[in-house]
**Student:** 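Sharing a structure with you now.
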There are 2 protein chains.
Amino acid sequence: MTLSDDRRAAWLDGMAQHVLTHGLTHASLRPLAQAVGTSDRMLIYHFGSKEGVVGALLHHLAGGFVAGLEAALPPGRAVSVPLCLAEVVALLRDPGMAGYGRVWLDILSAAAGGSAAHREAGQEIMAGFAGWLEGRLPEGTDEPAAVAATLLTLIEGVIVMDSVGQSALADRAVAVVGMRLS
Amino acid sequence: MTLSDDRRAAWLDGMAQHVLTHGLTHASLRPLAQAVGTSDRMLIYHFGSKEGVVGALLHHLAGGFVAGLEAALPPGRAVSVPLCLAEVVALLRDPGMAGYGRVWLDILSAAAGGSAAHREAGQEIMAGFAGWLEGRLPEGTDEPAAVAATLLTLIEGVIVMDSVGQSALADRAVAVVGMRLS
DNA sequence: CCCCTCCTGTAGCAACCGCTACATTTTTCT
DNA sequence: AGAAAAATGTAGCGGTTGCTACAGGAGGGG
């Protein structure tokens with residue numbers, strides 16, 4: 001290990017904070033370095049390349065996202081599927097989690113553009129989200145995997161609708177699915 | 001009108017084609033100009049700025065997307081809501097429309113990043129899509145607006161899941177919602 | 001004919017990009 | 001203490017970005 005672990009973690013925390021507020025698409029080395037009090041020279045030295053920086057950062061963000069989910073909603077199961085859905089949608093719309101929504105869309109765009117690193121990070125984030133969501137489903141839910149897949153897909157749609165200012169349509173969809181799924 | 005309309009249309013067609021295959025995020029003036037046989041100098045002259053180019057291009061893409069939908073699925077209504085959903089999902093996954101999926105994610109990313117032009121284009125595309133979808137719902141559907149909002153949100157989720165290689169989860173969600181919505 | 005407006009090619013500017021060569025400082029090991 | 005290794009600062013390279021200054025061609029109206 002060339003870079004002490006706590007320093008590396010501090011750098012990743014700072015860069016993640018910068019990316020959560022300024023976006024990932026146009027994040028370049030010099031601003032990232034400045035956000036953590038170092039230089040682009042150092043980032044390249046310790047991570048090898050920008051690809052190395054972004055890869056580590058994406059992995060860090062994936063962990064931070066799931067940690068944010070677990071920190072925001074007290075551990076335990078929801079009392080019903082519609083309530084679970086409503087809780088999660090409200091949580092993702094919370095200002096404290098809104099930065100992840102933006103970065104999430106940046107990751108999707110880059111993944112669709114062919115970046116393997118972003119595609120893998122997307123899968124990692126999705127897997128963490130799916131696991132957490134399945135753990136929040138009410139006890140005794142029929143076919144929990146199918147229900148989780150449905151909620152997951154719908155929630156992704158809500159994020160998209162929100163990003164173009166169509167939250168009203170998303171709310172309507174959440175209401176309809178919640179009713180039909182209870 | 002400083003630029004003859006057919007020439008402007010030809011330029012927009014060519015630039016749209018380039019963007020549909022190479023992505024919108026990193027589309028810069030010189031490659032765009034080369035794709036239509038002119039120079040960045042000319043694009044700036046006739047559109048004022050890159051913002052002008054992108055704005056016109058986004059508007060053109062919005063029209064092309066709806067035209068692609070209408071061209072692919074014969075006019076008329078689907079026989080059931082689940083079938084309608086399945087048809088639309090299959091259409092958006094068709095190679096002929098896949099380019100729009102990628103550009104769509106680029107637009108969402110830029111819109112979430114604060115670009116007003118991309119946000120407006122996103123709303124325009126969403127409005128066209130919603131109108132077309134509502135027109136395909138089976139005759140006599142209860143609460144067509146609510147059903148359309150649900151399908152729309154779910155379909156956006158499918159696009160997201162596909163982009164990170166989770167089409168299986170998306171298929172499951174489509175099956176569940178189709179069953180519950182019939 | 002000349003002028004005037006529209007259009008276009010050439011060349012280049014300043015800023016930013018990822019990355020590197022080189023020298024220097026700081027730490028670590030013996 | 002002295003040598004080796006790791007870490008860092010300075011400066012800059014070659015490339016791309018959006019955009020512009022300048023010159024000139026093309027065509028129409030006086």
Side-chain angles (χ1 to χ4, degrees), chain A residues 1-16 18-19 21-60 103 106-107 109-110 113-118 121, chain B residues 1-12 14-16 18-19 21-61 103 106-107 109-110 113-118 121:
Chain A
M1 180 60 60
T2 58
L3 180 63
S4 76
D5 289 6
D6 51 348
R7 195 119 112 83
R8 178 187 169 95
W11 278 12
L12 289 174
D13 279 339
M15 288 193 291
H18 180 267
V19 156
T21 63
H22 294 86
L24 178 62
T25 306
H26 300 99
S28 44
L29 287 178
R30 273 169 257 249
L32 280 177
Q34 193 177 4
V36 298
T38 181
S39 66
D40 57 329
R41 169 74 179 75
M42 286 299 97
L43 292 183
I44 294 285
Y45 178 74
H46 287 289
F47 289 94
S49 64
K50 182 183 182 180
E51 192 180 339
V53 175
V54 173
L57 184 49
L58 288 175
H59 184 68
H60 192 78
V103 169
D106 290 343
I107 292 173
S109 168
S115 160
H118 291 80
Chain B
M1 180 61 59
T2 58
L3 181 63
S4 76
D5 289 5
D6 51 349
R7 194 119 110 82
R8 178 188 168 96
W11 278 11
L12 289 175
M15 290 193 291
H18 180 266
V19 155
T21 63
H22 294 86
L24 178 62
T25 306
H26 301 99
S28 45
L29 287 178
R30 272 169 260 248
L32 281 176
Q34 194 177 3
V36 298
T38 182
S39 67
D40 57 328
R41 168 73 179 75
M42 287 297 98
L43 293 183
I44 294 284
Y45 179 75
H46 287 289
F47 289 94
S49 64
K50 183 183 183 182
E51 192 179 339
V53 175
V54 173
L57 184 49
L58 288 175
H59 184 68
H60 192 78
L61 283 166
V103 170
D106 290 343
I107 292 173
S109 168
S115 160
H118 291 80

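Sequence lines set the chain letters: A, B, ... in the order given, protein chains first and strands last, and positions in each chain run from 1.
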**Student:** So which protein nitrogen or oxygen atoms get under 3.5 Å of nucleotides 23-25 of chain C's nitrogens or oxygens?
**Tutor:**
none

**Student:** So, is B:Ser28 near the phosphate of D:dT17, with a side-chain N or O under 4.0 Å from OP1 or OP2?
**Tutor:** yes
**Student:** Going through the checks in order, is the side-chain contact (heavy atoms from CB on, under 4.5 Å) test met by B:Ser28 and B:Arg30?
**Tutor:** CA-CA 6 Å; B:Ser28 45; B:Arg30 272 169 260 248; 5.5 Å; no
**Student:** How many angstroms lie between atom CG of B:Leu29 and atom CE of B:Met15, to the nearest 0.5 angstrom?
**Tutor:** 9.5 Å
**Student:** Quick check on DNA chain D: between A:Thr38 and A:Arg30, whose nearest nucleotide comes earlier from the 5' end?
**Tutor:** A:Thr38
**Student:** Specify the separation, in whole Å, of atom CE of B:Met42 and atom P of D:dC19.
**Tutor:** 15 Å
**Student:** In whole angstroms, how far is the P atom of D:dT17 from the CG atom of B:Leu43?
**Tutor:** 13 Å
**Student:** Looking only at atom types and distance, does a side-chain atom of A:His22 sit under 3.5 Å from a main-chain N or O of A:His18, one as donor and one as acceptor?
**Tutor:** yes
**Student:** For the side chain of B:Tyr45, counting heavy atoms from C-beta on, which of C:dC17, D:dC19, C:dT8 is nearest?
**Tutor:** C:dT8
**Student:** Between A:Glu51 and B:Asp40, which has a closest nucleotide on DNA chain C that is more 5'?
**Tutor:** B:Asp40
**Student:** Could you tell me the separation between the CG atom of B:Leu32 and the C1' atom of D:dT17, rounded to a whole number of Å?
**Tutor:** 13 Å
**Student:** State, without any angle test, whether A:His60 and A:Asp13 hold a side-chain donor-acceptor pair at a distance under 3.5 Å.
**Tutor:** yes
**Student:** At their closest point, which heavy atom of A:Val36 faces which heavy atom of A:Trp11, and how far apart are they?
**Tutor:** CG1-O, 3.4 Å
**Student:** Taking the side chain of A:Arg7 as heavy atoms from C-beta outward, which of D:dG18, D:dT8, C:dC6 is closest to it?
**Tutor:** D:dT8
**Student:** Tell me: CH2 of B:Trp11 to P of C:dC7, nearest whole Å?
**Tutor:** 10 Å
**Student:** Determine: side-chain N/O of B:His26 to OP1/OP2 of D:dT17, distance under 4.0 Å, yes or no.
**Tutor:** no
